[in-house]
Protein chains: 2
Amino acid sequence: MSDTEYLMQTLKEAGLRRTPQREAICAALTKSRNHPTATDIYAELKPRFASLSLATVYNTLDALVKLGAINALGHAGDDAVHYDADTEPHVNLACIVCSRIVDIHSKRVSQLDKEVVAASGYRLLGARVMYYGLCPRCQKKKKEIRGLGIRGLGN
Amino acid sequence: MSDTEYLMQTLKEAGLRRTPQREAICAALTKSRNHPTATDIYAELKPRFASLSLATVYNTLDALVKLGAINALGHAGDDAVHYDADTEPHVNLACIVCSRIVDIHSKRVSQLDKEVVAASGYRLLGARVMYYGLCPRCQKKKKEIRGLGIRGLGN
DNA sequence: TCTCTAATCTATAATCGTTCTAAATAAGGA
DNA sequence: TCCTTATTTAGAACGATTATAGATTAGAGA
């Protein structure tokens, strides 16, 4: 079963209908390596899908997020939420210049999960580990980062 | 030197002037245990400071964030950015019902920092480790969390 | 202390991502 | 096929944040 089909299956099991819009959105999500935003997906699909509404994109993404099939990443350096079809615990590393996000898998993340549960008494429902930096490509372009800052995120 | 004074000092060293508004904002930030939002701070100070503008609160917070004196936490379950005067690497654990955020300090976080730097080739500038769950108080109120979800954050 | 001027503050409009609403459409079971 | 109900659509609404322009003020120097 393809990743796209897995997402559709998840929606179906939750009692949601199979629609062409949802298929297109799931496909766009799993095919992208770029952790797209809702607007990214909308822009990609609109040419092929003239009647598509942005609200539908948000609805489908919200449904997938609530079902735990994808994750929503806030504050990648721009103001939009990026979506990540990889739900394994891992670090999302965002470049503050180009806003691209790459994934880094580390055992330490799931160890940290357990430590937090043990220490807090909270019922843990999710985690987002975001790091911010300059990717190798943007480091070359930008020797001097004084005053750059991370929009609304600091450091 | 109080925490409030440390923030004022940081602003001063960056060439920014000492104003009553900034002092009040820094004081509100350091006195709060609740990781307040810009609006929280505005609402708290407005009664004592009738002429205060929300834009001033945002400006001051942005300046502190850019100087690395405080951190900005996105997506605590509501739509607003919460500010954290504690800049040590640590986990921020947000309750998805009451949106309160507590801090958990763990050595594992700074170990993870180093691992990410080594693995990525990125120039690391900041990190936000957010966990989501139900705090003990809200667990009691809410036995049944089916369908609750994390607004825009999933799981 | 007084003056001066750039920095700051205020009020408000603008922006933009996201959510809501109501009417039109289409999925899927009978 | 028909019916019921979920879904989609278009666009308005919303709310957090940012930008703007004019009034005010901190703080350096006389």
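Just so it is clear: chains get the letters A, B, ... in the order the sequence lines come, proteins before strands, and each one is counted from 1.
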Discussion item. Is there a side-chain contact between Tyr58(A) and the phosphate of dT18(C), meaning an N or O under 4.0 Å from OP1 or OP2?
Written reply: yes
Discussion item. What is the separation between atom CE on Met8(A) and atom P on dA27(C), rounded to the nearest whole Å?
Written reply: 11 Å
Item to complete: Name the closest nucleotide to the Arg22(B) side chain, picking from dC9(C), dA27(C), dA10(D).
Response: dC9(C)
Worksheet item: Nearest-Å distance, CG (Asn59(B)) to C1' (dT24(D))?
Response: 15 Å
Discussion item. Under 3.5 Å, is there a donor on one side chain and an acceptor on the other for Asn92(B) and Arg128(B)?
Written reply: no
Discussion item. How many whole angstroms separate atom CG of Asp62(A) from atom P of dG17(C)?
Written reply: 16 Å
Discussion item. Hydrogens and angles aside, do Asp40(A) and Thr37(A) bring a side-chain donor and acceptor to less than 3.5 Å of each other?
Written reply: yes
Fill in: Length of the line joining Arg18(A):CZ and dG29(C):P, which is rounded to integer Å
12 Å
Discussion item. Within the 3.5 Å criterion, strictly below it, is a donor on Thr56(A) or Gln21(A) matched to an acceptor on the partner's side chain?
Written reply: no
Practice prompt. Give a yes/no on whether any side-chain N or O of Gln21(B) is located under 4.0 angstrom from OP1 or OP2 of dT25(D).
Written response: no
Worksheet item: Rounded to whole angstroms, how far apart are CG on Leu11(B) and P on dA26(D)?
Response: 15 Å
Worksheet item: Of the nucleotides dA10(D), dG17(C), dT17(D), which one has an atom closest to the side chain of Ser53(A)?
Response: dA10(D)
Worksheet item: If you pin Tyr42(B) and Ala55(A) to their nearest nucleotides in DNA chain C, which one's is more 5'?
Response: Tyr42(B)
Discussion item. Under 4.0 Å between a side-chain nitrogen and a carboxylate oxygen: does that hold for Glu23(B) and Lys31(B)?
Written reply: no
Item to complete: Mind calculating the distance between CG (Leu16(B)) and C1' (dC9(C)) to the nearest angstrom?
Response: 14 Å
Discussion item. Just the rounded figure in Å: distance from C1' of dT10(C) to CG of Leu54(B).
Written reply: 11 Å
Worksheet item: CZ of Arg33(A): more than 12 outside heavy atoms within 6.0 angstrom?
Response: no
Fill in: Side chain of Ala80(A) - closest among dT9(D), dG17(C), dA11(C)
dG17(C)
Worksheet item: Under the 3.5 Å rule, do the base of dA26(D) and the side chain of Thr19(B) count as making a donor-acceptor pair?
Response: no
Practice prompt. Return the value, rounded to whole Å, for the distance between atom CG of Leu45(A) and atom P of dT9(D).
Written response: 10 Å
Item to complete: Give one of base, sugar-phosphate or nothing for Thr56(B), where a contact means two heavy atoms less than 4.0 Å apart.
Response: base
Worksheet item: With nearest nucleotides of DNA chain D determined for Arg17(B) and Ala38(B) from heavy-atom distances, which residue corresponds to the more 5′ nucleotide?
Response: Ala38(B)
